[in-house]
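Working notes for the structure below.
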Amino acid sequence: MSKKNKYYVVWEGRQKGIFDTWSAAEAQVKGYAGAKYMAFESLEAARAAFAGNPHEHIGRKPKADSRPGAADAATPKADSRLGAAGAATPRADSPRRILSNSPIWDSYSVDAACSGNPGVLEYRCVHTRSREIVFARGPYDAGTNNVGEFLALVEILALCVKKHDPRPIYTDSKIALAWLRDKKANPKNPERLNPLLLERLARAEAWLASHSYPNQVLKWDTEAWGENPADYGRK
RNA sequence: ACAU
DNA sequence: GGATGT
Ligand SMILES: [Mg+2]
Ligand SMILES: [Mg+2]
């Protein structure tokens, strides 16, 4: 009997994704409190599940296959603390993660670094895949991390508009994303900021108020992907 | 809590 | 350990 290969969705674990062997999946969830994972009979089902909410699958009855005589149950599993009892499905090929969320490599990434916060600020933009530096600013006295993250974001947006470059832009800063959404920076102590930076914030806000842009601005998933390519590597 |  | 922010 050819044991059908299963597909293991890991929503919550060391590495998230879809794995095609239990051993690969187990490595992500064994001893990992709060792990959420489940086996599926088809890659299609696994893809759909991974894209969705674990709660809609874990502990629910497996979806019946429409075709008669097709494979039946998926095996629901939840919570590694109960002790994973997954039976192995050995394969000839090597265990691998066959699907995971991954960055759009043809994109830009921005980051800021502050020596002290507030402190001496630098920020820059690179191409995500090549790490080629698009621009680098600073050092500036009396800056903050968030000011740098935001200025970098708006500068690459303006450059993209000028160049008609619609590629996505990554930032790891929730704050910069919020300020961008609001088209408004919100430094808590503007009076302590370098006046040059204050002026740049004003210009950035003015630019946002008067322009639109085609680029998606996306959150860099540092936990999954490691440090953003624009990172300064000083932490 | 989350992200820097 | 400290700070910037939602
Ligand atoms: Mg950053
Ligand atoms: Mg960084």
Side-chain angles (χ1 to χ4, degrees), chain A residues 10-17 28 32-36 51-55 79 81 100-105 107-128 131 133-158 168-209 213 215-235:
Chain A
V10 177
W11 291 279
E12 198 61 54
R14 294 180 184 87
Q15 291 186 130
K16 309 171 203 293
Q28 312 313 320
Y32 188 100
K36 293 184 173 56
N53 192 313
H55 294 144
D79 207 24
R81 288 166 303 182
S100 61
N101 294 327
S102 67
I104 297 163
W105 290 103
S107 64
Y108 297 103
S109 295
V110 296
D111 198 26
C114 226
S115 177
N117 190 22
V120 178
L121 170 66
E122 295 170 77
Y123 58 89
R124 66 182 174 187
C125 175
V126 306
H127 184 261
T128 301
R131 293 172 146 75
I133 295 174
V134 178
F135 63 77
R137 304 293 178 234
Y140 304 106
D141 197 51
T144 71
N145 61 338
N146 296 324
V147 166
E149 301 271 16
F150 177 71
L151 289 178
L153 206 43
V154 179
E155 183 163 343
I156 188 58
L157 279 170
I169 297 164
Y170 282 107
T171 175
D172 62 21
S173 170
K174 270 174 51 169
I175 302 306
L177 285 168
W179 290 3
L180 180 66
R181 177 198 61 210
D182 299 342
K183 297 179 170 5
K184 178 70 181 138
N186 190 25
K188 287 311 174 192
N189 298 290
E191 71 286 347
R192 295 185 216 174
L193 274 182
N194 185 330
L196 172 61
L197 295 174
L198 215 46
E199 173 59 25
R200 287 195 184 189
L201 287 178
R203 289 192 52 178
E205 290 166 350
W207 186 89
L208 289 172
Y213 50 88
N215 312 267
Q216 287 183 198
V217 181
L218 304 170
K219 176 69 175 72
W220 180 263
D221 187 351
T222 303
E223 188 175 23
W225 306 335
E227 283 289 358
N228 154 353
D231 180 55
Y232 288 79
R234 296 170 182 173
K235 296 188 311 297

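The sequence lines fix the lettering, A, B, ..., with proteins before strands; numbering per chain opens at 1.
- Look at A:K188 and you'll find a side-chain N or O under 4.0 angstrom from OP1 or OP2 of C:dT6.
- Out of B:rU4, C:dT6, C:dT4, the shortest distance to the side chain of A:W179 is found at C:dT6.
- Nucleic acid contact for A:D172: sugar-phosphate only, since backbone atoms but no base atoms lie under 4.0 Å from a heavy atom of the residue.
- In this structure, A:N186 reaches the sugar-phosphate backbone alone: every heavy-atom distance under 4.0 Å involves primed, P, OP1 or OP2 atoms, never a base.
- In this structure, CZ of A:R234 is placed 23 Å from P of C:dG2, rounded to the nearest angstrom.
- Salt bridge A:E122/A:R234: present, at least one basic N to carboxylate O contact under 4.0 Å.
- Side-chain proximity of A:K174 to the nucleotides B:rA3, C:dA3, C:dG5 is greatest for B:rA3.
- Across the protein-nucleic acid pair, A:N145 atom CG and C:dT4 atom P stand 8 Å apart, rounded to whole Å.
- Among the heavy atoms of the strands lying under 4.0 Å from A:K219 are primed sugar atoms or P, OP1, OP2 only; no base atom is included.
- Computed from coordinates, the A:E223 CD to B:rA3 C1' distance equals 11 Å when rounded to whole Å.
- Whole-Å rounding puts the A:D231 CG to B:rA3 C1' distance at 14 Å.
- One interatomic measurement links the two molecules: CG of A:N189 to P of C:dT4, which rounds to 6 Å at whole-angstrom precision.
- The CG atom of A:D111 sits 18 Å away from the P atom of C:dT4 (whole-angstrom rounding).
- Judged by a 6.0 Å distance limit and a 45° cone about the ring axis, A:R200 is not positioned over the six-membered ring of A:F150.
- Distances from the side chain of A:T144 to the nucleotides B:rU4, C:dA3, C:dG5 place C:dG5 closest.
- For A:W105 and A:Y170, the ring centers are positioned 6.0 Å apart or more.
- Put simply, CG on A:N117 is 13 Å from C1' on B:rA3, counting in whole angstrom units.
- An OP1 or OP2 oxygen of C:dG5 is reached within less than 4.0 angstrom by no side-chain nitrogen or oxygen of A:S173.
- Rounded to whole angstrom, the span from the CD atom of A:E149 across to the C1' atom of B:rU4 amounts to 6 Å.
- The side chain of A:R181 lies closest to C:dT6, out of C:dT4, C:dT6, B:rA3.
- Salt bridge status for A:K235 with A:E227: present, with a side-chain N to carboxylate O gap under 4.0 Å.
- Side chains of A:N194 and A:D141: no donor on one and acceptor on the other come within 3.5 Å.
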